[in-house]
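Working notes, beginning with the structure itself.
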Amino acid sequence: MLDIKLVRTQPEQVVAGLAKRGFQFPMETFSKLDEERRRKLVEVEQLKNKRNTVSKEVGRIKAAGGDASAIIQEMQQVGEAIQQLDNEIRQVEDELNRLMMEIPNIPHESVPVGEDESENKLIRSWGEPRCFDFEPKSHDEIGIGLGIMDFERAAKISGARFVVMKHWGAKLERALVNFMLDVHTGENGYTEVFPPFLVNRASMTGTGQLPKFEEDMFKVTPGDYYMVPTAEVPVTNLHRDEILSAEQLPIYYAAYTACFRAEAGSAGRDTKGIIRQHQFNKVELVKFCKPEESYAEHERLVTDACKILEKLQLPYRVMLLCTGDQGFSAAKCYDVEVWLPSFNTYREISSCSNFEDFQARRANIRYRPAPGAKPEFVHTLNGSGLAVGRTVAAILENYQNEDGSVTVPDALRKYLGVDVIR
RNA sequence: GGAGAGAUACCCAAGCAGGUUGAAGGGGACGGUUUGCUAAACCGUUAGUAGGAGAAAUCCUAGCGAGGGUUCGAAUCCCUCUCUCUCCGCCA
């Protein structure tokens, strides 16, 4: 959520910032609601003040054995007026709130202005795509060939966009989760968290998935639960409605969860293979930090994610998303993309965002800069470290051999216990 | 799922037959006195927060788990919900 005071005091800046990502801020509606709210607030608070003083007076009169029926009757009308105004204010506030909740974040000044992914900016690339002296297969062909992926039975037991991983495939998935968590907790200073996979509506609202993106989520009955689309949701919400101390910051969390996405609106895209599934595994990195540190933390977050790919010796590139391609809550976002030979291109395997105080304001996550000082919103960041399913795909494709076997990357051998999957 | 108990400020906790109680008391924290230092003792301070008015000083409103209701007036009465604890049942 944007700072309502910023909208009030610097409207041009807000409108211009949002215009960069192609969003038109409804300034007229906003001003009307905002002014109406404040006008009515002044009115009702005066009435409440009157009621408070007079009610105390009533108590005094009655205690002294006097008759207060005249003022009581007068106050009845004041009470009705207050109730009426309170209702009106609630309506206005609901409306204002609904409006503010659907306003995306303002892009940071360092974000290139552009309409879609074609205008994203290449920051750097690492590693050379391998030259094959045979026709490389796609990861799903390899997986089916090795008997480690079963799409048909997945369709039988669940449906489209699911896969059953078997034998070395299942072990590879598990090995990668362990490997990633070990690197992030052991070398990069993150604290491991294993959160619930079902969260409530407040959590989904806190990180920005709701109210706008309800159709992207799986809703669970009974209960008002949502299946997590990413560990970002439970982990960021760990500190919802909290005031952290300055010494606690920065906080680094690394969390593995399965992730669940309805993928509404992506029908027909990536239907083959495990690139786009309703359920996939991911290790997520989440940071809470002081505002002045968030952009430096953001760079380090990207480095931490890339480190996994480097250890696995998988070629990748880092893209800075343009204003039009950024997510709803992000102020700035880098995508890390891994080389996939069968696609003959790089595909997103991690998305690292700085949300500044956008999520913190929604989720009410603050810190006290100094003892006794006024609390301020923290900045939150997160990034995949990494999407496990896509890492499996990348390993199978980049490490495939002509005979259909797959060489295991050095870094994974101690986790998997074999050098070659065949 | 059944039965019961509870949720009050940083923590514990009183108040709950409605009215100078936005909150007794204790602990903690902070400040001070005493002291060679520490401890102890004694004295003092201690809602934080959100919203609003104002140039400012400052003032007002909300707030006793959350949301409604009754009333001139609610921590106290009524309704709904959430969470915690105890016992029973069930279960990995």
Side-chain angles (χ1 to χ4, degrees), chain A residues 1-9 30-101 194-206 210-211 219-226 234 237-248 258 357-378:
Chain A
M1 195 152 77
L2 298 182
D3 183 359
I4 200 159
K5 283 182 186 148
L6 181 73
V7 182
R8 218 178 267 156
T9 56
F30 171 83
S31 303
K32 195 179 126 262
L33 290 170
D34 187 47
E35 278 160 29
E36 188 181 356
R37 169 175 172 271
R38 281 189 286 167
R39 202 182 59 238
K40 290 191 163 154
L41 223 42
V42 171
E43 202 181 334
V44 82
E45 284 180 3
Q46 276 169 1
L47 288 175
K48 282 181 178 174
N49 179 231
K50 183 175 178 187
R51 181 177 70 181
N52 288 345
T53 29
V54 174
S55 291
K56 279 189 180 167
E57 184 61 26
V58 170
R60 245 173 262 135
I61 293 171
K62 286 202 166 178
D67 174 28
S69 53
I71 353 182
I72 288 178
Q73 197 165 0
E74 190 198 327
M75 278 301 110
Q76 253 165 19
Q77 273 151 39
V78 174
E80 277 163 30
I82 288 173
Q83 195 161 33
Q84 169 79 17
L85 274 169
D86 269 343
N87 283 337
E88 288 172 20
I89 288 166
R90 199 180 310 157
Q91 266 179 29
V92 172
E93 282 186 341
D94 282 354
E95 214 172 315
L96 192 60
N97 204 33
R98 219 173 306 134
L99 184 143
M100 290 304 287
M101 288 303 246
F194 188 61
F197 291 8
L198 299 182
V199 296
N200 57 31
R201 196 177 170 84
S203 295
M204 282 296 205
T205 307
L210 290 180
K219 178 99 193 275
V220 171
T221 50
D224 193 19
Y225 296 118
Y226 294 85
N237 279 282
L238 281 176
H239 295 299
R240 171 150 50 85
D241 293 320
E242 288 184 14
I243 299 178
L244 305 164
S245 67
E247 306 84 73
Q248 282 176 272
D357 62 4
F358 188 87
Q359 291 181 327
R361 182 171 288 109
R362 284 177 164 246
N364 192 28
I365 308 167
R366 294 173 293 173
Y367 82 106
R368 213 178 283 283
K374 207 173 142 58
E376 285 176 30
F377 291 111
V378 300

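A note on names: the letters A, B, ... follow the listed sequences, proteins ahead of strands, and every chain is numbered from 1.
With B:A53, B:U20, B:A62 as the choices, the nucleotide that has an atom nearest any side-chain atom of A:R60 turns out to be B:U20. With B:U20, B:G19, B:A50 as the choices, the nucleotide that has an atom nearest any side-chain atom of A:K374 turns out to be B:A50. Picking from B:G51, B:C72, B:A62 the nucleotide with the shortest atom distance to the side chain of A:S55 gives B:C72. Among the nucleotides B:C72, B:U61, B:U49, the one closest to the side chain of A:P375 is B:U49. When the nucleotides B:G19, B:A62, B:G22 are ranked by their closest atom to the side chain of A:K56, B:G22 comes out on top. Closest to the side chain of A:R90, from the set B:A50, B:G68, B:G52, is B:G68.
Across all strands, A:Q83 comes closer than 4.0 Å only to sugar-phosphate atoms, never to a base (heavy-atom distances). Among the protein residues, A:K62 comes within range of the nucleic acid bases, having at least one heavy atom under 4.0 Å from a base atom. Counting non-hydrogen atoms under 4.0 angstrom, A:R201 reaches nothing in the nucleic acid. Residue contacts shown for A:L41 are limited to sugar-phosphate atoms, with no base heavy atom under 4.0 Å away. If you check every strand for non-hydrogen atoms under 4.0 Å, A:V54 touches nothing. Contact annotation for A:R366: backbone-only contact, meaning every heavy-atom pair under 4.0 Å involves sugar-phosphate atoms and none involves a base.
Atom-to-atom, CD1 of A:I61 to P of B:U20 comes out at 15 Å; the value is rounded to the nearest Å. Here the P atom of nucleotide B:A9 and the CD1 atom of A:I243 are 14 Å apart, to the nearest Å. The nearest whole Å value for the distance from the CD1 atom in A:I82 to the P atom in B:G69 is 13 Å. Rounded to whole Å, the distance from CG on A:N49 to C1' on B:G51 is 15 Å. Between A:L47 atom CG and B:A53 atom P there is a gap of 16 Å when expressed in whole angstrom units. Atom P of nucleotide B:G69 and atom CG of A:N87 are separated by 7 Å, given to the nearest angstrom. Spacing between atom NZ of A:K50 and atom C1' of B:A53 amounts to 19 Å, rounded to whole angstrom units. Distance, A:E93 CD to B:U61 P: 17 Å, rounded to whole Å.
A sub-4.0 Å separation between OP1 or OP2 of B:G73 and a side-chain N or O of A:N52 is absent. Regarding contacts with the backbone of B:G52, a side-chain N or O of A:R37 is found under 4.0 angstrom from either OP1 or OP2. Residue A:R38 places no side-chain N or O under 4.0 Å from the OP1 or OP2 atom of B:G51. Within the structure, a side-chain polar atom (N or O) of A:R368 is placed less than 4.0 Å from OP1 or OP2 of B:U49.
Closest approach of A:V378 and A:A360 over heavy atoms only: O-CB, 3.2 Å. The two residues A:M1 and A:N97 make their nearest non-hydrogen contact at SD-OD1, 4.1 Å. Across all non-hydrogen atoms, the minimal contact from A:F377 to A:R361 is CE2-CA, 3.6 Å. Annotation for A:L47 and A:L85: closest pair CD1-CD1, 3.9 Å, computed over non-hydrogen atoms.
Of the C1' atoms belonging to B:U35 and B:C42, the separation is 13 Å, rounded to the nearest Å. Using C1' as the reference atom, B:U8 and B:A23 are 8 Å apart when rounded to the nearest Å. Taking atom P in both B:G68 and B:A55, the straight-line distance is 32 Å, to the nearest Å. For B:A41 and B:A50, the C1' atoms lie 41 Å apart once the distance is rounded to whole Å. B:U45 and B:G26 have their P atoms separated by 13 Å, given to the nearest Å. On the C1' atoms, B:A62 is 14 Å away from B:G48, given to the nearest whole Å. Annotation: B:G69 and B:G4 have their C1' atoms spaced 27 Å apart (nearest Å). When the C1' atom is compared between B:G32 and B:U21, the two are found 29 Å apart, to the nearest whole Å.
Looking at A:N237 and A:V199, their side chains never come closer than 4.5 Å, going by heavy atoms from C-beta outward.
With no hydrogens or angles considered, a side-chain donor-acceptor pair links A:R366 and A:N364 at under 3.5 Å. Side-chain polar atoms of A:E80 and A:Q84 form no donor-acceptor pair below 3.5 angstrom. Side chain to side chain, A:N200 and A:S203 meet the donor-acceptor criterion of an N or O pair below 3.5 Å. A donor-acceptor contact closer than 3.5 angstrom is absent between the side chains of A:R362 and A:T205.
Between A:R51 and A:E45, the residue anchored closer to the 5' end of RNA chain B is A:E45, taking for each the nucleotide with the nearest heavy atom. If A:I4 and A:V44 are placed on RNA chain B by their nearest nucleotide, the residue sitting closer to the 5' end is A:I4.
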>> Wobble G-U and Watson-Crick pairs count when both distances are under 3.5 Å; given that, what is the 5' to 3' dot-bracket string of RNA chain B, with | for pairing to other strands?
In response: ((((((((.[[[..)...(.....]]]((((((.......))))))..(((((....)))))..[[[[[..)....]]]]])))))))....
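Scanning for ring-ring contact (aromatic ring centres under 6.0 Å, His included) contacts around A:Y226 gives an empty result, with sequence neighbours left out.
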